Each structure stands twice: as structure tokens, then as C-alpha cells.
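Take a look at the structure below.
This one's a predicted model, so the numbers in the text were calculated from it and none came from an experiment. All residue numbers in this chain count up from 1 along the given sequence.
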Amino acid sequence: MALTGRTALLSALGALVVGFVLPSWLGILTVQLALLIAILCDLTLAAPVRKLHFTRTGDTNVRLTGEAHIHLTITNPDRRPLRAQLRDAWPPSSFRPGDDISASRHTLRIPGGERRRLTTTLHPTRRGDHHAVRVTVRSYGPLGLAARQGSHHIPWTLRVLPPFTSRKHLPAKLARLRELDGRTSILTRGEGTEFDSLRDYTPGDDTRSIDWRATARRQTVAVRTWRPERDRRILLVLETGRTSAGRVGDTPRLDASMDAALLLAALASRAGDHVDLLAYDRRVRASVQGRTARDLLPALTDALAPLEPELIEADARGLAATIHRHTPRRSLIVLFTGLDTAPMEEALLPVLPTLTQRNEVIVAAVADPRIEEMAAGRHTPQAVYAAAAAEQTRAARRRTAGRLRRHGITVIDSTPTHLAPDLADAYLSLKSAGRL
């Protein structure tokens, strides 16, 4: 039972009025007795909370920047009308900081034997699974002097998917891909096998591409052109150790890597290539394999949504062994990791050459734009010290990237806003050069 502020107000006013007629002790006793009777009557007329029936419907997933609507249907099986305040509680990260506190609170009135539907609007601020906490109902009597209160657990899970903000770059990359599909012969190492068209021979063309039958018919030397090979294998590897937990601005490095992986997956699947995903630190945290082009992006976003970095050092040898198991044939391996000197030189660099023996490897790292800002500062003594530290950091990353390139690895070291398009450009460049 819960008493309301109205009860205390009536008690004070009643004691004041009766105090002029009866002795003080008798007046107070009379008021309290009358108020107690009114409260008991109010409670008797209030609809019971425990008998209410609840069902949920609504959105089960939403992108991080989106809006989800969760519907709650309340049925009042009692004959007494339900006058209530209801709170549909969710974790704090289910609402934006600027959302009104009343976003999950509702006032309702349900006659006996009827039902009503309420909608709670969520604006999640974190990826992952958001679970409904509880539904708390406070049922008032007709006088509003007291209320019955109780809670119900009505389960519902809302999966918040990565926002995929780099989707805006996809049309431009697809246009470049269509242009690439119409180009002429590819280098011998990755020569295409899908015949495209014939054209006149120009100095420098591979003589093995000459079509002698067409040459005889046309009385000019004709060469065959090929489209870039399709059906290539691409493995996206997210390293989810402690380096991926670092924040660049307001975003963890892992989230920026996810965004770039989604853009590359969308582009490669449209190019006819097969894309798989692996997330690893000391064990496999997520895996997507063998999906069709239509099912790939939904499967990737669903697998990435609950993924969070672990504050542990990644097992580089275990990662290399797991990659070998996932790539039985030549593939493009895109490794999303950091370029921090210590973990790269002590752990990853010794095992990366084993991956480049029969695979093409790209290392994609998230750079902090704040480093560039610090390196440009010279206006105060403190800024000079910060600029020196930033230059030292940049030099260390360049040295690490240089060592990787000497092993034949393509290195993409870009800020979160540029990582996704830069990685897509690197993929298209490898494809146009016939290295896939």
C-alpha cells in the first residue's frame, strides 16, 4: 500500500478544522479515524495490480542512431476500473541524455475487463542487447488517497546494431567497381577468367591475350579483355583485445573497425566475392561464414552488435592459427588491429609473415585525429611538449607500418571517418591490379 501526498494534506486540513470544535486530542483522533476509513475504502475500490496481464510487441532490433518502439498491452481482468501510473523500466543506455524522464512513464485508465496498449520509445546510446527491467504499476482508488503497487517482469530484448554510418560511401565505391568491371586485361598473377570483349592490340599488351581467329577475320590484331575475377575469398578479422577498447573521440576503436568492415563487406559482396568474418582475442568471439550476398549484411550486423572489447592481450599465435583454419585457399585477409609498437612488434609481426605466404593481407588501424592536432600546436610551452609527444607517436606508427609493408602487407592507417572509404579504395586497387 502507498499513501499519496493528498492523504497528508487532508489529514492536516481536517485536524485544523475539527480543532476549533472539539478538544485537540479528540479532534485529531476523529480526523485520523475518518481518514483511515477513507483510505481503506479507497484501497478496496482500487484495482488489484497482481491480476493484471501484460504482453509485449514491437521492434526487436534497431541501429544505434535509430528509434525503437516497444508496445505493452495491459489487460484488466477485474471488475474495478484501473486508475494507475505505470513505469516501463529499461537500462539507462536505452535513452538519450536529453530524453524526458517521462519517456517510460505512462498514466492510464482501463475499465474492468478491457485492455489498453502503451508505447515506450527508446533511443539507445550503446550497441548490444538491451533487456526490459520491470513494469511497475501503482493503482489508485477513486479518491486518490492510497494506492496498490506491484512490479511485473515482462521480458523483451532489443538488439542495438552498429550504425553503419559509412553506408553513404557505398554508391561512389560501387560506381568505381562498375568502372573496374569494364576495364581491360589484368596482370598475369591475378588474370581474370571472365571474357569481356575484343579490342585492337596496343604496344605493351600481353601477347598471350591475342585472339588469332578474330585477328584473321578483322585483318587487325585483336586481343581479348577480361573482367576481374569474382568468387574471391575475403576474411575480415577483428582483433578484440585491449587495443580495440581505446577510444578515439567518443567512439571505441572497435566500433570504427566494425563500420569499415561493414562497408567493405557490402562492396565485396556486390563484386561477387565471398566474405567471412572472425572476431578474436584469445578465443573466437564471433564468426560468420558461408553467407550469401543477400544474407551477409544482416548476419554481420547481428554478430557484431553484442561484441565488446576484452581488456586482455590478444593471442597472436592463436589468431594466426585460427585464420589458417578459416582460409584453406588463397584469400584476402583484412586484419583490424592497432599499430601500437609494443604489441605489434612483440606479438603480431612474428606471425604475420606466415599469413602472407599464400594470402594477400591488409592491416587496417584506427588513427587518432587528436594526434594530428597536437602535432600542429606550437602556441604555448605546453603545446610544444604535446607536439613533441605527438611527433614521437607518429614516427613510431610510421616505423611499424614500414616494417609491415616490407612483408608485402598493405597498411591503412586512417582516422575513424576515413578508415572505411580508404579501406574500400585499397580493396578496389588490389582488385584492379589483379592481386586478388
Side-chain angles (χ1 to χ4, degrees), residues 61 63-65 91-94 124-131 157-166 235-265 276-288 299-323 326 333-349 351-352 362-371 393 396-397 400 411-420 423:
N61 58 70
R63 293 204 176 272
L64 184 58
T65 55
S93 58
S94 302
T125 58
R126 291 188 62 182
R127 284 185 298 102
D129 292 337
H130 294 238
H131 303 280
T157 300
L158 176 70
R159 172 155 289 189
V160 183
L161 308 174
F164 194 11
T165 55
S166 62
L235 178 62
L236 307 175
V237 183
L238 291 168
E239 189 260 292
T240 56
R242 67 172 183 84
T243 57
S244 66
R247 301 185 73 87
V248 178
D250 294 331
T251 306
R253 280 187 165 90
L254 181 60
D255 286 41
S257 299
M258 288 181 182
D259 194 53
L262 289 174
L263 179 63
L264 180 57
D276 295 334
L277 172 78
L278 176 68
Y280 189 93
D281 40 60
R282 292 183 182 175
R283 61 183 178 88
V284 176
R285 302 284 309 284
S287 179
V288 176
L300 289 179
T301 54
D302 190 61
L304 293 175
L307 193 62
E308 295 292 343
E310 293 287 335
L311 300 181
I312 56 176
E313 290 291 347
D315 178 10
R317 295 189 181 278
L319 174 61
T322 305
I323 290 175
H326 281 73
I333 300 171
V334 183
L335 176 58
F336 296 89
T337 186
L339 284 182
D340 299 335
T341 303
M344 179 61 73
E345 293 185 352
E346 296 174 6
L348 275 174
L349 268 175
V351 302
L352 281 177
I362 297 177
V363 170
V366 182
D368 191 346
R370 176 62 179 154
I371 299 297
T393 300
R397 293 177 73 89
T400 303
V411 180
I412 308 297
D413 186 19
S414 302
T415 60
T417 55
H418 294 95
L419 181 64
L423 179 59

Next on the checklist: For Glu310 and Arg282: C-alpha separation, side-chain torsions, deciding distance, then whether salt bridge (Lys or Arg N to Asp or Glu O under 4.0 Å) applies.
Outcome noted: CA-CA 9 Å; Glu310 293 287 335; Arg282 292 183 182 175; over 6 Å; no
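- Environment of NE2 in His130: crowded, with over 12 heavy atoms of neighbouring residues, nucleotides or ligands closer than 6.0 Å.
- You'll find the side chain of Leu348 reaches within 4.5 Å of the side chain of Leu319, heavy atoms only.
- Leu352 is listed as a side-chain neighbour of Leu335, based on a closest heavy-atom distance under 4.5 Å.
- Arg247 CZ: more than 12 foreign heavy atoms inside a 6.0 Å radius.
- Proximity of Val366 to Phe336: side-chain heavy atoms (C-beta onward) are nowhere separated by under 4.5 Å.
- Going from atom OG1 of Thr157 over to atom NE2 of His131 covers 4.5 Å, rounded to the nearest 0.5 Å.
- Between the side chain of Thr251 and the main chain of Val248, no donor-acceptor pair closer than 3.5 Å is present.
- Heavy-atom minimum distance, Thr240 versus Ala279: CG2-CB, 4.1 Å.
- The minimum heavy-atom distance linking Leu236 with Ala261 is given by the pair CD1-O, 3.6 Å.
- In this view, Arg63 satisfies the salt bridge (Lys or Arg N to Asp or Glu O under 4.0 Å) rule with no residue, not counting sequence neighbours.
- Two residues are said to be in side-chain contact when any heavy atoms from C-beta on lie closer than 4.5 Å; Pro416 and Pro369 meet this criterion.
- The side-chain hydrogen bond (donor to acceptor under 3.5 Å, both in side chains) check on Thr337 picks up Glu239, with sequence neighbours excluded.
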Run the side-chain donor-acceptor check on residues 158-165: report pairs under 3.5 Å with partners two or more places apart or on a different chain.
| from | atom 1 | to | atom 2 | distance (Å) |
| --- | --- | --- | --- | --- |
| Arg159 | NE | Asp129 | OD1 | 2.7 |
| Arg159 | NH1 | Asp302 | O | 3.1 |
| Arg159 | NH1 | Asp302 | OD1 | 3.1 |
| Arg159 | NH1 | Asp302 | OD2 | 3.4 |
| Arg159 | NH2 | Asp129 | OD1 | 3.3 |
| Arg159 | NH2 | Asp129 | OD2 | 2.9 |
| Thr165 | OG1 | Asp259 | OD2 | 3.3 |

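- A pairwise comparison of heavy atoms in Ala265 and Leu300 identifies CB-CD1, 3.4 Å as the closest pair.
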Next on the checklist: Determine whether Asp281 and Glu313 satisfy the following criterion, side chain to side chain contact (heavy atoms under 4.5 Å, CB included), listing intermediate values before the conclusion.
Outcome noted: CA-CA 7 Å; Asp281 40 60; Glu313 290 291 347; over 6 Å; no
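- In this structure, OG1 in Thr301 is found 12.5 Å from CG in Leu64, a value given to the nearest 0.5 Å.
- In this structure, Arg127 contributes its side chain and Leu307 its backbone to a donor-acceptor pair below 3.5 Å.
- In terms of modelled atom types and a separation under 3.5 Å, the side chain of Thr125 and the main chain of Ser93 share a donor-acceptor contact.
- When side chains are defined from C-beta on, Arg126 does not count as touching Pro91, because their heavy atoms never get closer than 4.5 Å.
- No option in Leu235, Leu304, Val334 other than Leu304 meets the side-chain contact (heavy atoms from CB on, under 4.5 Å) test with Leu277.
- The heavy-atom pair separating Ser166 from Ala420 by the smallest distance is CB-CB, 3.5 Å.
- Residues Thr243 and Gly338 approach most closely at OG1-N, 4.4 Å, considering heavy atoms.
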Next on the checklist: Set out, in order, the CA-CA distance, both residues' side-chain angles and the distance that settles side chain to side chain contact (heavy atoms under 4.5 Å, CB included) for Ile362 and Ile412, then state yes or no.
Outcome noted: CA-CA 7 Å; Ile362 297 177; Ile412 308 297; 4.0 Å; yes
